[in-house]
Asks: 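Let me give you the structure first, and then I'll get to my questions.
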Amino acid sequence: MRLILVGPPGSGKGTQAKLLSERLRLAHISTGDILREAKRLGTPTGKKAAAYMDAGQLVPDDVVNDVIADKLRAERLERFIMDGYPRTPAQAAAFDRLLAQLGLDVQAVVLLQVPDEVIVERLKWRWSCPQCGAVYHARTRPPKVEGRCDVDGTTLVQRADDREETIRQRLKVYHQQTAELVPYYRGRGILREVQGEGDIETIYAAIVAAL
Ligand code: AMP
């Protein structure tokens, strides 16, 4: 199975992609995670991406398109869930070309819908584990021990782009650029719309039902 998750920043794409990947045995491909790691390591891609990421802007299409093409080809991935890619019409077109070259197609595009104000509240309080990716909310889903991951005890971190001003900028970018993907995939009859509010397992069940 090959899936794409679309939704605003903070809509729960990462959380749901992690569950789908574990339970349906799909490779979880997150361009945000790949770019953050590249930035941390100071690779050429990381250096190109850093300023855009810190400002809440999208990294140029050709940079992310190359990252994805290299990964799918090198690892010969055939069962995957895309988390945060494609994010612009140009990326969607490039992804279609890549998949056609690889002889693959996408079965469904899941759109997670969450209102902007809910997202700002979620992300302002978001802390995550740099080791295992577990995500917490300081108010509604705090870790058992403050500042430590429940799973492996690693010190939790807050993302640099989860400041309120940057969150609002990322939402603006989503509405201006990524939302255009919705009619594109709807027109192909593969869009599945799911409400992204509520508890994690309920949303997961809604996604599986929609598939
Ligand atoms: P995310 O973790 O998906 O919220 O991504 C964090 C940041 O990485 C975004 O705000 C962008 O700067 C960059 N990024 C991730 N995926 C993409 C993409 N498909 N196209 C452009 N920039 C991206």
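Computed from a predicted model, the values in this text were never measured in an experiment. Indexing begins at 1, ligand by ligand and atom by atom, following the structure's order.
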Asks: Please verify the inter-ring angle class for Phe80 with Phe95; under 30° counts as parallel, over 60° as perpendicular, anything in between as tilted.
Replies: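 Phe80 and Phe95: tilted rings.
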Asks: Does Arg79 have any side chain to side chain donor-acceptor pair (under 3.5 Å) partners at least two apart in sequence or in another chain, and if so, which?
Replies: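 Applying side chain to side chain donor-acceptor pair (under 3.5 Å) to Arg79 gives none.
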Asks: Look at the side chain of Gln16 and the backbone N and O of Ile200, then say whether any donor-acceptor pair between them is shorter than 3.5 Å.
Replies: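 At least one qualifying donor-acceptor pair exists.
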Asks: Please list all pairs meeting salt bridge (charged side-chain N to carboxylate O under 4.0 Å, His left out) that have one or both residues in residues 87-113, counting only residues at least two apart or in different chains.
Replies: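 Found Arg2-Asp105, Asp96-Arg188.
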Asks: Do Thr88 and Asp61 meet the criterion of a side-chain donor-acceptor pair at a distance under 3.5 Å?
Replies: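 Yes, side-chain donor-acceptor contact under 3.5 Å.
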Asks: In chain order, what residues pass the side chain to side chain donor-acceptor pair (under 3.5 Å) check against Glu117, with sequence neighbours excluded?
Replies: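 Residues passing side chain to side chain donor-acceptor pair (under 3.5 Å) with Glu117: Arg168.
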Asks: Who are the residue neighbours of ligand 1 when the rule is a heavy atom under 4.0 Å from any of its atoms?
Replies: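 Ligand 1 is contacted, at a heavy-atom distance under 4.0 Å, by Thr31, Gly32, Leu35, Arg36, Met53, Gln57, Leu58, Val59, Val64, Gly84, Tyr85, Arg87, Gln91, Arg159, Asp161, Arg170.
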